[in-house]
There are 2 protein chains.
Amino acid sequence: MDPFVALADPVRRDLVVRLAGGPARVVDLAAEHPISRPAISRHLRLLAEAGLVTADDLGRERHYRLERAGLQPVADLLVALRETPVPPIADADFDGLDLEVRRTGRDRRSSASSHPSPSAAQEDTA
Amino acid sequence: MDPFVALADPVRRDLVVRLAGGPARVVDLAAEHPISRPAISRHLRLLAEAGLVTADDLGRERHYRLERAGLQPVADLLVALRETPVPPIADADFDGLDLEVRRTGRDRRSSASSHPSPSAAQEDTA
DNA sequence: CCTATTGGTAACTGATCAGTTACCTATCTG
DNA sequence: CAGATAGGTAACTGATCAGTTACCAATAGG
């Protein structure tokens, strides 16, 4: 399953964030959410299919933990959107933030510090 | 609308990637996708609601362009998942990749270079 | 002024999603 | 061994999504 689709649901995002703090069982996670245990179980299955979590069976208990490698496609998209050609005119991307990814063993593009981040030319409010 | 939900659809992701390469009109984008023009129009509206694109009206033409600032919540989630406590045991996150975000004007946590990235302890295949 | 182009939305349809209850299996504890 | 705990899935229901065709409005060009 697509990690983007997996992260589209607020419950699944909560689960992923919670598991970033350490492994947990279905019953633990169900206690922290207003939905039923089978619903949590189904969300965890989708997260596992997306490669975002891993399950370790310990007797009758199944401990779920975050699989950070599963976030790679999401990080890749941010990189792709960040590095694509930007017009020399003022561009409002990541005001106050400069996302930088260093790829081990790969040549890097010009460093973030050489890339200006002018203030927003235009803000969209939908 | 939630930027995560906006990016969950493959068509919308394609549109966002395409717009990263420069602005475009609905008719341009519709020519590059197998779905109908009204479907493209609806996707662009959702992307705008999510803050991921901006529309500039030029006569009868509406030029859509990427709004990188709208990606902030996605970048924030990656940061949150990356920075949360990781057990000292080997952790497989971002093998070969080290995501680092420098927040202007904010104290930084210990730099990425001080954070080890050991090889994967366990790989999940769902 | 008429035609062409651009583009948004209504209404419809089929597909998918998310939560529930019920049920079942596996493992642990007294 | 019986009861308790943990957890997955089937079946169901209501809600939402994504693509279509049809229609309309605004702007540009001949």
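Everything numeric in this text was worked out from a predicted model, so none of it was measured. A note on names: the letters A, B, ... follow the listed sequences, proteins ahead of strands, and every chain is numbered from 1.
- Between D2(B) atom CG and dT16(D) atom C1' there is a gap of 15 Å when expressed in whole angstrom units.
- Summarising the geometry of P3(A) relative to G70(A), their closest heavy-atom pair is CB-O, 4.0 Å, with the distance given to 0.1 Å.
- For the pair L71(A)/L7(A), a side-chain contact is recorded, criterion being any heavy-atom separation below 4.5 Å from C-beta on.
- Here the straight-line distance linking atom CG of L15(B) with atom NE2 of H33(B) works out to 4.5 Å at 0.5 Å rounding.
- One atom, CE of M1(A), and another, C1' of dT16(C), lie 11 Å apart when rounded to the nearest Å.
- The side chain of L46(B) approaches dA18(D) more closely than any other nucleotide in the set dA18(D), dA18(C), dT20(D).
- D57(B) places its CG atom 9 Å from the P atom of dT27(D), with the value rounded to the nearest Å.
- Considering every non-hydrogen atom in both R82(B) and R68(A), the closest pair reads CA-NE, 4.0 Å.
- Place I35(A) and G59(A) on DNA chain C by their nearest nucleotides, and I35(A) ends up nearer the 5' end.
- One atom, CZ of F4(A), and another, P of dC17(C), lie 17 Å apart when rounded to the nearest Å.
- Under 4.0 angstrom from either OP1 or OP2 of dC17(C) there lies no side-chain N or O belonging to H43(A).
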Task: Per-nucleotide protein contact string for nucleotides 1-15 of chain C (B base, S sugar-phosphate only, - none; heavy atom under 4.0 Å) - done: ---BBSBBB------
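- Look at CG on L29(A): it is 15 Å from C1' on dG8(D), rounded to the nearest Å.
- Between the C1' atom of dA26(D) and the CG atom of L58(B) lies a distance of 14 Å, rounded to the nearest Å.
- Among all heavy-atom pairs drawn from P23(B) and R18(B), the shortest one is O-NH1, 4.3 Å.
- Between S36(B) and the phosphate of dT20(D), there is a side-chain N or O to OP1/OP2 separation shorter than 4.0 Å.
- With a 4.5 Å cut-off on side-chain heavy atoms, L52(A) and L19(A) do not count as touching.
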